[in-house]
Amino acid sequence: MIAIITGASSGIGREIARILARDYDLVLVARREERLAIFCEELNQVIKRDGTVCRAVAFPCDVSQSSECHRLYEAFRDQPVEILVNGAGLGGFGQICEVQESQEMSMLDVNIRALHLLTKCFIRDMIERKRGYILNIASSAAYMPGSPFMATYYASKAYVLSFSRSIAYEPAVKNSGVYVGSLCPGPVATEFHQVAGFKGNPGGMSPKKCAEYAVKMMFRRKKVIIPGFFVKFTYFGAKILPAGLLLKLAEIHQIRKSKKG
Ligand SMILES: NC(=O)c1ccc[n+]([C@@H]2O[C@H](COP(=O)([O-])OP(=O)(O)OC[C@H]3O[C@@H](n4cnc5c(N)ncnc54)[C@H](OP(=O)(O)O)[C@@H]3O)[C@@H](O)[C@H]2O)c1
């Protein structure tokens, strides 16, 4: 059985790949070819729980291009793909009047369009086979009313949560036993913050811990996965506190993060 992981060159996606290597052959997707090749070498040494050796292949691909998502699907549509993890994603900091349009559009292409397309392609075959798991990486941002300075990112993650939740309840998905879930972590110590343009690293949960919890909950078929006590607490806070207050707190938080050296 095969697991396809986008965003496997770094952070949460890479740690999820390490865990799944114990039971699955892997397709590792990201743009940085060399990193993927080195990671494949590591994973190709792993002895799976059934005693066979993990076979990991790199699939260098820019998922912001729809044609590349289709290329990925065509390459593996006839293979027994049991798991798809849509982990590729990025954030960006700045006010709407300042951030470059191209930067925002490419964020939307990765965070939304690629995740949507890959889910749509692979889920059809999973439904037909009556088995499969799709784990879409959202964020705690997904259930917040939004955030000044990270408007596009927050909105993109709200899309991921809403889309994944909705399709999980569609009869074709539910009746086939295919799992669709969203992972909603708070801050995780990955390259994400650097890519998003924040100075320094705000820290957060280790990507390994986040990935372990995510995989455990995915196999327990939890539809919305929230790692960490504090983040669970914010989930309930977001339900009861006024949106205006949450937006103000988010603004203060983003400004602080942008200034941290
Ligand atoms: N870190 C956090 O605090 C946090 C919190 C909540 C949610 N998340 C979400 O978790 C997911 C993983 O992020 P992370 O924290 O692990 O960050 P990360 O370490 O920066 O990893 C991002 C991954 O996405 C890949 N990627 C980005 N653009 C791509 C593209 N156009 N085509 C293919 N792959 C692309 C990157 O690979 P290449 O650069 O090699 O292409 C990398 O493997 C994201 O969706 C993020 O929004 C992160």
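- More than 12 heavy atoms of other shown residues, nucleotides or ligands fall within 6.0 angstrom of atom CD in Glu74.
- For the pair Arg18 and Glu42, the minimum side-chain heavy-atom distance is below 4.5 Å.
- Taking each heavy atom of Arg55 and Asp25 in turn, the nearest pair found is N-OD1, 2.9 Å.
- Side-chain atoms of Ser164 never come within 3.5 Å of backbone atoms of Leu161 as a donor-acceptor pair (strictly under, hydrogens ignored).
- Within 6.0 Å of CD in Glu98 there are more than 12 heavy atoms belonging to other residues, nucleotides or ligands.
- A side chain to side chain contact (heavy atoms under 4.5 Å, CB included) with Leu118 holds for exactly one of Ile134, Leu72, Ile123, Val85; it is Leu72.
- In this structure the side chain of Ile137 never reaches within 4.5 angstrom of the side chain of Val160, judged on heavy atoms.
- Following chains of ILVMFWY side-chain contacts shorter than 4.5 Å, one can reach Ile19 starting from Met1, so the two form part of one hydrophobic cluster.
- Put simply, the side chain of Lys174 never gets that close to the backbone of Ala168: no donor and acceptor are under 3.5 Å apart.
- Taking 4.0 Å as the cut-off between side-chain N and carboxylate O, Lys209 and Glu212 do not count as a salt-bridged pair.
- Of all the heavy atoms in Ser106 and Leu90, the pair that sits closest is O-CD2, 4.5 Å.
- Between the side chain of Arg35 and the main chain of Ser9, a donor-acceptor pair closer than 3.5 Å is present.
- For CD of Glu128, the number of neighbouring non-hydrogen atoms (other residues, nucleotides, ligands) closer than 6.0 Å is 12 at most.
- Met150 and Val195 fall within a single hydrophobic cluster, where Ile, Leu, Val, Met, Phe, Trp and Tyr are joined by side-chain heavy atoms under 4.5 Å apart, directly or via other members.
- Across Met218 and Ile225, no two heavy atoms sit closer than the pair N-CD1, 3.8 Å.
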**Study point:** Audit row: Val53, Val46, side chain to side chain contact (heavy atoms under 4.5 Å, CB included) steps and yes/no
**Key:** CA-CA 6 Å; Val53 179; Val46 174; over 6 Å; no
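- Listed for the Tyr179 side chain is a donor-acceptor partner under 3.5 Å among the backbone atoms of Lys222.
- Considering every non-hydrogen atom in both Leu36 and Val29, the closest pair reads CD1-C, 4.2 Å.
- For Ser139 (side chain) and Lys157 (main-chain N/O), no donor-acceptor pair under 3.5 Å exists by modelled atom type.
- Between the side chain of Ser258 and the main chain of Ile255, a donor-acceptor pair closer than 3.5 Å is present.
- Cluster annotation: Ile226 is connected to Met144 through the hydrophobic network of ILVMFWY side chains, with a link wherever side-chain heavy atoms come within less than 4.5 Å.
- Contact annotation: the side chain of Leu135 never approaches that of Asn86 to less than 4.5 Å [non-hydrogen atoms, C-beta and beyond].
- For NZ of Lys48, the number of neighbouring non-hydrogen atoms (other residues, nucleotides, ligands) closer than 6.0 Å is greater than 12.
- For Ser182 and Asn136, the side-chain atoms include no donor-acceptor pair closer than 3.5 Å.
- No side-chain N or O of Ser64 forms a donor-acceptor pair with one of Asp109 less than 3.5 Å apart.
- Closest approach of Pro148 and Glu251 over heavy atoms only: CG-CB, 3.7 Å.
- No donor-acceptor pair closer than 3.5 Å links the side chain of Ser162 to the backbone N or O of Ala158.
- Checked by atom type and distance alone, the side chain of Arg221 pairs as donor or acceptor with a backbone atom of Gly177 at under 3.5 Å.
- Under the 30°/60° scheme for interplanar angles, the aromatic rings of Phe192 and Tyr153 are found to be tilted.
- Side chains of His116 and Lys120 form a contact here, defined as non-hydrogen atoms less than 4.5 Å apart.
- Seen from the ring of Tyr169, Lys223 counts as a face-on cation partner, given the 6.0 Å and 45° thresholds.
- Ring geometry for Phe198 against His193 counts as tilted: the plane angle lies between 30° and 60°, on a 0 to 90° scale.
- No donor-acceptor pair under 3.5 Å is formed between the side chain of Arg113 and the backbone N or O of Gln65.
- Among all heavy-atom pairs drawn from Cys54 and Leu43, the shortest one is CB-O, 3.4 Å.
- In terms of hydrophobic clustering, with Ile, Leu, Val, Met, Phe, Trp and Tyr side chains grouped at heavy-atom distances under 4.5 Å, Phe93 and Leu247 are assigned to different clusters.
- In this structure, Lys232 places its NZ atom where more than 12 heavy-atom neighbours from other residues, nucleotides or ligands lie under 6.0 Å away.
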Exercise for review: May I have the step-by-step check of side chain to side chain contact (heavy atoms under 4.5 Å, CB included) for Val81 and Asp125, ending in yes or no?
Suggested key: CA-CA 9 Å; Val81 177; Asp125 303 334; over 6 Å; no
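- Counting heavy atoms from C-beta outward, Thr152 and Ser156 have side chains that stay 4.5 Å or more apart.
- Within a 6.0 Å radius of CD in Glu33, no more than 12 heavy atoms belonging to other residues, nucleotides or ligands are found.
- No hydrogens or angles considered: a donor-acceptor pair under 3.5 Å links the side chains of Tyr143 and Thr234.
- Taking the six-membered ring where tryptophan is involved, the planes of Phe219 and Tyr24 are essentially parallel, since the angle between them stays under 30° and well short of 60°.
- In this structure the side chain of Ile16 reaches within 4.5 angstrom of the side chain of Val215, judged on heavy atoms.
- Between the side chain of Asp50 and the backbone N or O of Asp23 there is no donor-acceptor pair closer than 3.5 Å.
- Counting heavy atoms from C-beta on, the side chains of Met205 and Pro227 come closer than 4.5 Å.
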Practice item. Could you walk me through whether Phe76 and Leu84 pass the side chain to side chain contact (heavy atoms under 4.5 Å, CB included) test, one step at a time? Key: CA-CA 11 Å; Phe76 295 97; Leu84 169 68; over 6 Å; no
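- A single hydrophobic cluster is seen to contain both Val57 and Ile2, as judged by linkage of ILVMFWY side chains at heavy-atom distances under 4.5 Å, directly or through other members.
- The side-chain heavy atoms of Arg71 and Phe59, taken from C-beta on, include a pair separated by under 4.5 Å.
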